[in-house]
Amino acid sequence: MSTRLSQLFVRTLREDPVDAEVASHRLLVRAGYIRRQAPGVFAWLPLGLKVRRKIEAIIREEMETAGAQEVHFPALLPREPYEVTGRWEEYGDGIFRLQDRRGADYLLAPTHEEVFTLLVKDLYSSYKDLPLSIYQIQDKYRDEARPRAGLLRGREFTMKDAYSFDYTDAGLDVSYMKQRDAYERIFTRLGLEYVIVQADAGAMGGSRSEEFLHPTPVGEDTFVRTDGGYAANVEAFTTVAPEARSYEKLTPAEVLATPDTPTIATLVAVANEKHPRPDGRAWTAADTLKNIVLALKHLDGKRELVIVGLPGDREVDLKRAEVAFAPATVEPATAEDFVKFEADGDKPGLVKGYIGPWSPEGAMLGEDSATGIRYLLDPRVSDGSGWITGANLAGHHVFGLVAGRDFGSDGTVEVAEVLVGDPAPDGSGPVELARGMEIGHVFQLGRKYAEALGLKVLDENGKLVTVTMGSYGIGVTRILAVIAEANNDEKGLIWPKNVSPFDVHVIAAGREDVVYEVAEDVVASLESAGFDVLFDDRPKVSPGVKFGDAELLGVPQIVIVGRDAAGGVVEHWDRRTGARTPVDVASIATAIG
RNA sequence: CGGGGCGUAGCUCAGCUUGGUAGAGCGCUCGGUUUGGGACCGAGAGGUCGCAGGUUCGAAUCCUGUCGCCCCGACCA
């Protein structure tokens, strides 16, 4: 096959599009692969489509190998199934909703768990039909608050989503591993670096969830890893809690004046200045217990205040908080939230900057305390640990307040930020932090959807059992962008061989007839050797323009037919290394090999 | 939703402060010269200056409102 550039529907841009920031977005638009239609919505030009199809072909092959069969659902779906699982509400503004002429509600599917489940329910009712894995490659629609970075986070995007159906937990494990293995093969074939991290299984009730992250600074996820092989999304990271210590020998807590110390930094400074430690070591932020007031918004619209206590050297990571409190959403508490708990006369109350679990009058935080506010502790605040924390009086902190002895809580919570050097929960050493872009997600859903939608089968004993499911997603269009992001230079794109829109880009550089005659021969012989060839045959375009376009388009192998054409010699140009090698026309096909 | 920025030709932008016939480069069309790193000469086509209202003899320019877009943050199965 070959395509003549003079005929190809493409226009390369000499300048960067003004609305594109990240490399993949900028280059895909400049090189004529995609065009923006609306925020987060793109049209695909021939070059872009060719790359997409190559990626999809690899995915289809590996799905086939994994035993999954392809189906196809509409993007336009009725409200009812999503109503049953509660997601019509849960998604909130995140989905595109529309109505038909009768006023019936529809949505553009953000994901397809519900209808896959219903289709299987529709057709199957015996354990003999299981296991089953089916998948589709379909566009998804999410009304993202802020689409960004071109294809990396769009409102319309293409996803391969697969679903497995088993009637035993062991069967689900097998189905899950098949998909997981397929993902490893897919990303390897695509030449994409990836890290498999533990992900939050969260409110979905699933038992196992792993994300495939591509390490990149433009990534939206932060993950941790250790040399010992541990890797997790920070959202799923669990803190190693110190052993509980005996507090029998500890001195009693005392309230000390700490004027003008509304922040941890000022508190540490004043503590060292006015109340130095007896052992001579300086107080640090890690000696303080910071109490942060969060407001939870529950699904039913109810607003609840929660206070979390964590070491003062750590911030609350809102993403981790969202996970910890899901499905409620989390926001910082406002001034109005505080009003009802303010100090009244001599009665201690919540004083911004001086909040703590204890007061001379008794417990201040916790469901059974004076305020009745739920109080949750970071796991590091273990029994027997002593702290400097607010005394619930302006300008005062309490020193040597011991967890378990002087105050309690309503439980522990994982909301503190993860820091470089924190110990991994599996004991494999200190963690490092990195950014990654999620390119795939494998997830044991368990019985949540089957339960909600009534997908049951009869087992060997004639008993009805609820099916257990897995869902497995790969962002096809996102992967394309991630590949572009990982493979470019200042001149343009550099596609990996497996996804390049063409195998070879042949340039006719020169105006003599012989150049074009030899170029035609070269194209013909490459074609007959089975290569898909892009031929820059534009007669009035100067070599410099053709070279520039070739670099921008990013086909990794380029053949220049130019000044030595009459002598039967052309150049093989490696886009990635920049190396140019003279090659005899007769052996061009083997040189490309 | 909070913060910042921007809407003028297909693209990248100038013009706005100080109101007076709509501009440049690239791209596109025609003719000619050029051809190994984004050539040149000549002639062209192409814009309700985001939209609405106001001020004014006169608005791209000043005022008010509105819509949209981009970036950062929040959000994101």
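Because the structure is a prediction, the values reported are computed rather than measured. Sequence lines set the chain letters: A, B, ... in the order given, protein chains first and strands last, and positions in each chain run from 1.
In this structure the side chain of Glu220(A) never reaches within 4.5 angstrom of the side chain of Glu438(A), judged on heavy atoms. Residues Trp495(A) and Leu480(A) are in side-chain contact: their nearest non-hydrogen atoms beyond the backbone lie under 4.5 Å apart.
Rounded to whole Å, the separation between the P atoms of G53(B) and U12(B) comes to 29 Å. Comparing the same atom, P, in U34(B) and in G46(B) gives a spacing of 32 Å after rounding to whole Å. On the P atoms, G20(B) is 11 Å away from U61(B), given to the nearest whole Å. For the C1' atom pair drawn from C69(B) and C57(B), the interatomic distance equals 36 Å after rounding to whole Å. For the P atoms, the distance linking C6(B) with U48(B) amounts to 24 Å, nearest Å. Separation of the C1' atoms belonging to C13(B) and U35(B) is 30 Å when rounded to the nearest angstrom. As rounded to the nearest Å, C51(B) and G68(B) have C1' atoms that lie 10 Å from one another. Rounded to the nearest Å, the gap between the P atom of A59(B) and that of A52(B) is 14 Å.
One finds a side-chain N or O of Arg36(A) lying less than 4.0 angstrom from the OP1 or OP2 phosphate oxygen of C70(B). For the pair Arg148(A) and G73(B), the criterion of a side-chain N or O lying under 4.0 Å from OP1 or OP2 is met. Within the structure, a side-chain polar atom (N or O) of Arg14(A) is placed less than 4.0 Å from OP1 or OP2 of G27(B).
Taking atom NZ on Lys540(A) and atom C1' on C40(B), their separation rounds to 14 Å, with Å as the unit. In this structure, CZ of Arg538(A) is placed 14 Å from C1' of C28(B), rounded to the nearest angstrom. As a whole-Å value, the separation of Leu13(A) CG from C11(B) P is 9 Å. Between Arg30(A) atom CZ and G27(B) atom P the separation is 13 Å, expressed in whole Å. Atoms CZ (Arg26(A)) and P (C70(B)) sit 17 Å apart, rounded to a whole Å. As rounded to whole Å, 12 Å separates atom P of A74(B) from atom CG of Asp221(A). The separation between Asp16(A) atom CG and G38(B) atom C1' is 14 Å, rounded to whole Å. For the pair Asp143(A) CG and C76(B) P, the interatomic distance rounds to 14 Å; values are reported in whole Å.
Note on Asp549(A): a base of the nucleic acid sits closer than 4.0 angstrom, heavy atoms only. Base contact: Ser542(A) has a heavy atom under 4.0 Å from a base atom. Residue contacts shown for Gly510(A) are limited to sugar-phosphate atoms, with no base heavy atom under 4.0 Å away. Within 4.0 Å (heavy atoms only), Val545(A) reaches at least one base atom of the nucleic acid. Among the heavy atoms of the strands, none lies under 4.0 Å from Glu114(A).
Base pairing of G42(B) is made with C30(B), judged by Watson-Crick or G-U wobble geometry with both donor-acceptor distances under 3.5 Å. Base pairing of G36(B) is not made with any nucleotide, judged by Watson-Crick or G-U wobble geometry with both donor-acceptor distances under 3.5 Å. Look at A22(B): it lacks any Watson-Crick or wobble partner with both distances under 3.5 angstrom. In this structure G68(B) sits in a base pair with C6(B), meeting the Watson-Crick or G-U test at under 3.5 Å. In this structure, U55(B) makes no Watson-Crick or G-U wobble pair, since no nucleotide meets both defining distances under 3.5 angstrom.
We find that Asp489(A) and Arg576(A) are not joined by a salt bridge, their nearest charged nitrogen and carboxylate oxygen being 4.0 Å or further apart. Contact check on Glu144(A) versus Arg153(A) returns a salt bridge, with a Lys/Arg side-chain nitrogen under 4.0 Å from an Asp/Glu carboxylate oxygen. Contact check on Arg538(A) versus Asp549(A) returns a salt bridge, with a Lys/Arg side-chain nitrogen under 4.0 Å from an Asp/Glu carboxylate oxygen.
The aromatic rings of Phe212(A) and Tyr194(A) are tilted relative to each other, their planes meeting at an angle between 30° and 60°.
Side-chain atoms of Glu571(A) and base atoms of G36(B) include a donor and an acceptor less than 3.5 Å apart. Side-chain to base pairing of Arg153(A) with C76(B): one donor and one acceptor N or O lie within less than 3.5 Å of each other.
Within 6.0 Å of atom NZ in Lys178(A), 12 or fewer heavy atoms from other residues, nucleotides or ligands are found, so the atom counts as exposed in its surroundings.
Candidate nucleotides C76(B), C28(B), C11(B) were compared by shortest atom distance to the side chain of Glu15(A), and C11(B) ranks first.
Heavy-atom nearest nucleotides on RNA chain B were determined for Phe547(A) and for Ala38(A), and the one closer to the 5' end corresponds to Phe547(A). Both Ala149(A) and Arg511(A) lie near RNA chain B, and the one whose nearest nucleotide falls closer to the 5' end is Arg511(A).
Glu114(A) pairs with exactly one of Lys121(A), Lys448(A), Arg87(A), Arg79(A) by the salt bridge (Lys or Arg N to Asp or Glu O under 4.0 Å) rule, that one being Arg87(A).
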